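Source: prediction; values computed, not measured. Worth knowing before you read on, the calculation uses all heavy atoms, side chains too, and leaves out hydrogens, waters and symmetry mates.
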Amino acid sequence: MPTPQEIIADRAPGFTITDRVNNLVAQAQGRTSTTAFKHVTHDNTSLAVALLVLHQLTLEQRGAGKNGSPGAGGITDMREGGLAVSFGEPRGIQNLSAYKAWLMSTSFGQELLALQAENISGLPARGQFCGAY
């Protein structure tokens with residue numbers, strides 16, 4: 001089973017494995033032991049950790065996601081004289097919890113939400129038994 005760092009290097013070679021990444025992995029490993037991740041199967045734990053770290057790194061790269069902000073959505077207004085650009089909220093997050101809205105702002109976060117949902121259904125996930133039917 002690959003480590004979170006191996007998954008990160010494979011999925012996003014642009015992010016080099018640094019002390020910062022290793023610290024984020026350690027933090028994410030603590031987060032994945034919480035209730036929000038209780039349905040993620042053991043085989044998917046490294047993937048969940050890697051997706052959470054990739055999500056955070058992507059937001060940092062964009063300069064978004066600070067103070068719980070989900071980041072920017074599409075451009076709502078653009079002017080040339082005086083150069084002003086306005087951004088709206090990311091689409092479809094108005095009725096979500098802050099956690100889900102935050103995750104919806106990157107493809108890695110969306111994949112993590114799908115991974116969590118996949119394992120909540122009680123149906124076998126990737127050939128494994130995940131709970132009572």
### Query
To the nearest 0.5 Å, how far apart are NZ in Lys100 and CG in Leu113?
7.0 Å

### Task
Supply the atom-to-atom distance Phe108 CZ to Leu103 CG, rounded to the nearest 0.5 angstrom.
13.0 Å

### Message
Let me confirm one number: the CD-OG1 distance from Gln56 to Thr106, rounded to the nearest 0.5 Å.
### Response
10.0 Å

### Task
With sequence neighbours excluded, tell me which residues meet side-chain contact (heavy atoms from CB on, under 4.5 Å) with Thr3.
Gln5, Glu6

### Task
Write down the atom of Gln110, the atom of Met104, and the distance for their closest heavy-atom approach.
NE2-O, 2.8 Å

### Summary
side-chain contact (heavy atoms from CB on, under 4.5 Å) filter on Gln29, not counting sequence neighbours, yields Pro4, Val25, Val49

For residues 7-19, which side-chain N or O atoms pair as donor and acceptor with protein atoms under 3.5 Å away, sequence neighbours left out?
residue: Arg11; atom: NH2; partner: Glu111; partner atom: OE1; Å: 2.5
residue: Arg11; atom: NH2; partner: Glu111; partner atom: OE2; Å: 3.0
residue: Thr18; atom: OG1; partner: Arg20; partner atom: N; Å: 3.3
residue: Thr18; atom: OG1; partner: Val21; partner atom: N; Å: 3.3

### Query
For Leu112, does its backbone N or O pair with a side-chain atom of His55 as donor and acceptor, under 3.5 Å?
no

### Message
With rounding to the nearest 0.5 angstrom, report the CG to CE distance, Asn44 to Met1.
### Response
9.0 Å

